[in-house]
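Please read these numbers as outputs of a predicted model, since none were measured by experiment.
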Amino acid sequence: QVHLVESGGGLVQAGGSLRLSCGVYGRTISTKALGWFRQAPGKEREFVAAIDWTGTTTLYADSVKGRFAISRENDNNAVYVQMNELKPEDTSTYYCAVANGAFASVWQYDYDYWGQGTRVSVSS
């Protein structure tokens, strides 16, 4: 059975940084794209970042471009997102996901497996 475990969330002041980690258990990720999504209270889940199976192609939501960086370590079966210059509007629960294909995607329906989420709160 596949499961994903996120970590690294917490409370941070605006302008600060956090690094989220996601370990994938039960299947290898080396041939799959990976993604991060987030959901704020009362809002729908939205795309944050994605990375293809090679690690060379990345996609970002406009709202995080230039501040967030997604990366992967296939040997550790893990995906990360470095979040810098955090803003109060980045406050959300962040979810990692494993895609059903090799290419990075912004669409949730392209992802088969999801973690339980890690909470990020940014104070002003």
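- With hydrogens and angles ignored, the 3.5 Å screen pairs no side-chain donor or acceptor of D52 with any backbone N or O of A104.
- Side chains of L20 and W36 form a contact here, defined as non-hydrogen atoms less than 4.5 Å apart.
- A donor-acceptor pair under 3.5 Å is formed between the side chain of R72 and the backbone N or O of I29.
- For CD of Q116, the number of neighbouring non-hydrogen atoms (other residues, nucleotides, ligands) closer than 6.0 Å is 12 at most.
- The same ILVMFWY cluster, assembled from side-chain heavy atoms under 4.5 Å apart, contains both V79 and V81.
- Once rounded to the nearest 0.5 Å, the distance linking CZ of R45 with OG of S92 reads 11.5 Å.
- A donor-acceptor pair is defined here as one N or O able to donate and one able to accept, closer than 3.5 Å; such a pair exists between the side chain of N77 and the backbone of V24.
- Of the inter-residue distances, the one linking S17 atom OG with Q82 atom CD reads 5.5 Å to the nearest 0.5 angstrom.
- In the model, S30 has no side-chain atom that pairs as donor or acceptor with a side-chain atom of N74 under 3.5 Å.
- Note that R119 lies outside the cation-pi zone of Y94, set by a 6.0 Å cut-off to the ring centre and a 45° limit from the axis.
- Two residues are said to be in side-chain contact when any heavy atoms from C-beta on lie closer than 4.5 Å; M83 and F68 meet this criterion.
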How far apart are the C-alpha atoms of Y25 and Q1, what are their side-chain angles, what is the distance that settles it, and do they pass the side-chain contact (heavy atoms from CB on, under 4.5 Å) test? CA-CA 8 Å; Y25 304 91; Q1 187 165 351; over 6 Å; no
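- Counting heavy atoms from C-beta on, the side chains of C96 and Y113 never come closer than 4.5 Å.
- A single hydrophobic cluster is seen to contain both L59 and W107, as judged by linkage of ILVMFWY side chains at heavy-atom distances under 4.5 Å, directly or through other members.
- The shortest side-chain heavy-atom distance between L4 and V98 falls under the 4.5 Å cut-off.
- Closest non-hydrogen pair, A50 versus S105, comes out as CB-O, 3.6 Å.
- Side-chain contact check for E6 versus T93: every heavy-atom pair is 4.5 Å or farther apart.
- Residues that satisfy the ring-ring contact (aromatic ring centres under 6.0 Å, His included) test with F37, not counting sequence neighbours, are F47, Y111, W114.
- How far CD of E44 is from CD of Q108: 8.5 Å, rounded to the nearest 0.5 Å.
- The side-chain heavy atoms of R38 and E46, taken from C-beta on, include a pair separated by under 4.5 Å.
- To the nearest 0.5 Å, atom NZ of residue K32 and atom CG of residue D110 are 11.0 Å apart.
- In this structure, CG on L34 lies 12.5 Å from OG1 on T58, to the nearest 0.5 angstrom.
- A single hydrophobic cluster is seen to contain both V64 and I51, as judged by linkage of ILVMFWY side chains at heavy-atom distances under 4.5 Å, directly or through other members.
- Using a 4.5 Å cut-off on side-chain heavy atoms (C-beta onward), Y60 and I70 make contact.
- For V122, the side-chain contact (heavy atoms from CB on, under 4.5 Å) partners two or more places apart in sequence, or in a different chain, are V12, A14, L86, P88, D90, T91, V120.
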